[in-house]
There are 2 protein chains.
Amino acid sequence: MEDLTEMLKGTLEGCVLEIIDSEETYGYAITRKLNELGFTDVVEGTVYTVLLRLERNGLVQVAKRPSAVGPPRKFYALNDAGREELARFWAKWQYVSSRIDKLRESGGR
Amino acid sequence: MEDLTEMLKGTLEGCVLEIIDSEETYGYAITRKLNELGFTDVVEGTVYTVLLRLERNGLVQVAKRPSAVGPPRKFYALNDAGREELARFWAKWQYVSSRIDKLRESGGR
DNA sequence: AGCGGTACTCGGTAACACTAAGTACCGAGC
DNA sequence: GCTCGGTACTTAGTGTTACCGAGTACCGCT
């Protein structure tokens, strides 16, 4: 699929929140997960900037743990604020996507 | 609904294309249409910047026509490139929204 | 003459995904 | 023991986008 970057604005962060909510995990693994899910062009750098933002905004709890196959990993887990933000994200997504789908069906008429 | 601006990035332009495709129309009316559709916070200034971009990118044909109730209106219609862009937009939307919905259902697991 | 609704333009802002370059840890093969 | 590929994170800078605010201007009604 061609360039999706503009359409991912505002939704990629929500996707990352959802992945973290499902399981405590780290940047490199989140990137692989997103790639599996079909967001094939999302690269590490992008995910790390999202994670740093989540941390700066106090939505996650961070724990550094050693790895057997490389440098230490920064594991992320949602805190209460993060779970609230995730709920807000899904509410917005529901709202926006349903309206866009309706526009598509009605053809704007 | 609270602030949707980030989530509208990359999709607002597609919505405007769809509205123009359904009927030759102008900026002020497009704004009202979007408001009706649930995008209540989208204001004229935002729509006009989208329209100027569409024009600059050669996706629309423009015709200025007098109005009985105010200053002249700039009517927009899609050209071939615009219709192609609209098709690409819906393909992207289909792709992205289906994958996000799947992520939501599976909980990222 | 003034006011509210209609209609468009333009300079500037903030947020986001992305890029590119760098650092650093580890195991396997030469 | 040295390189190489895979793992893992950081940071400065870029481009695109929606939004904001102020301005211009046309029109009908009071």
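Every chain is numbered from 1 and lettered A, B, ... according to where its sequence line falls, protein lines coming before strand lines. Just so you know, these numbers come straight off a predicted model, no measurement behind them.
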* Scan A:Glu44 against the nucleic acid and name what it touches under 4.0 Å (heavy atoms): base, sugar-phosphate only, or nothing. => nothing

Between A:Gly10 and A:Ser67, the residue closer to the 5' end of DNA chain C by nearest nucleotide is A:Gly10

Taking C:dA17, D:dA18, D:dC9 as options, the one with an atom nearest any side-chain atom of A:Arg73 is D:dC9

Checking D:dT11, D:dA18, D:dT10 against the side chain of A:Tyr76 (C-beta onward), the nearest is D:dT10

The answer to which of A:Glu6 and A:Tyr28 contacts DNA chain D further toward the 5' end, by nearest nucleotide, is A:Tyr28

Shortest non-hydrogen pair, B:Ile30 vs B:Val16, comes out as CG2-CG2, 4.2 Å

Correct closest heavy-atom pair for A:Phe75 and A:Glu24 would be CD2-O, 3.9 Å

*Any N or O donor-acceptor pair linking the side chain of A:Lys9 to the base of D:dT16 at under 3.5 Å?*
yes

Note to self: Classify A:Gly45 by what it touches in the nucleic acid, base, sugar-phosphate, or nothing, heavy-atom distance under 4.0 Å.
What the structure shows: base

Heavy-atom nearest nucleotide on DNA chain C taken for A:Leu12 and for A:Gly70; more 5' hit belongs to A:Leu12

Of the listed C:dA7, D:dA8, D:dC19, the closest approach to the B:Pro71 side chain comes from C:dA7

Picking from D:dT16, D:dA12, D:dC9, the nucleotide nearest the side-chain atoms of A:Lys74 would be D:dC9

message: Does any part of the side chain of B:Met7, heavy atoms only, come nearer than 4.5 Å to the side chain of A:Phe89, both counted from C-beta?
response: yes

Whole-Å distance, A:Asn35 CG to D:dA8 P, equals 14 Å

State whether A:Tyr26 places a side-chain N or O below 4.0 Å from either non-bridging phosphate oxygen (OP1 or OP2) of D:dA8. yes

- Is any side-chain heavy atom of B:Asp41 less than 4.5 Å from a side-chain heavy atom of B:Thr5? no

A:Thr46 has its side chain closest, among C:dA17, D:dC19, C:dA15, to C:dA17

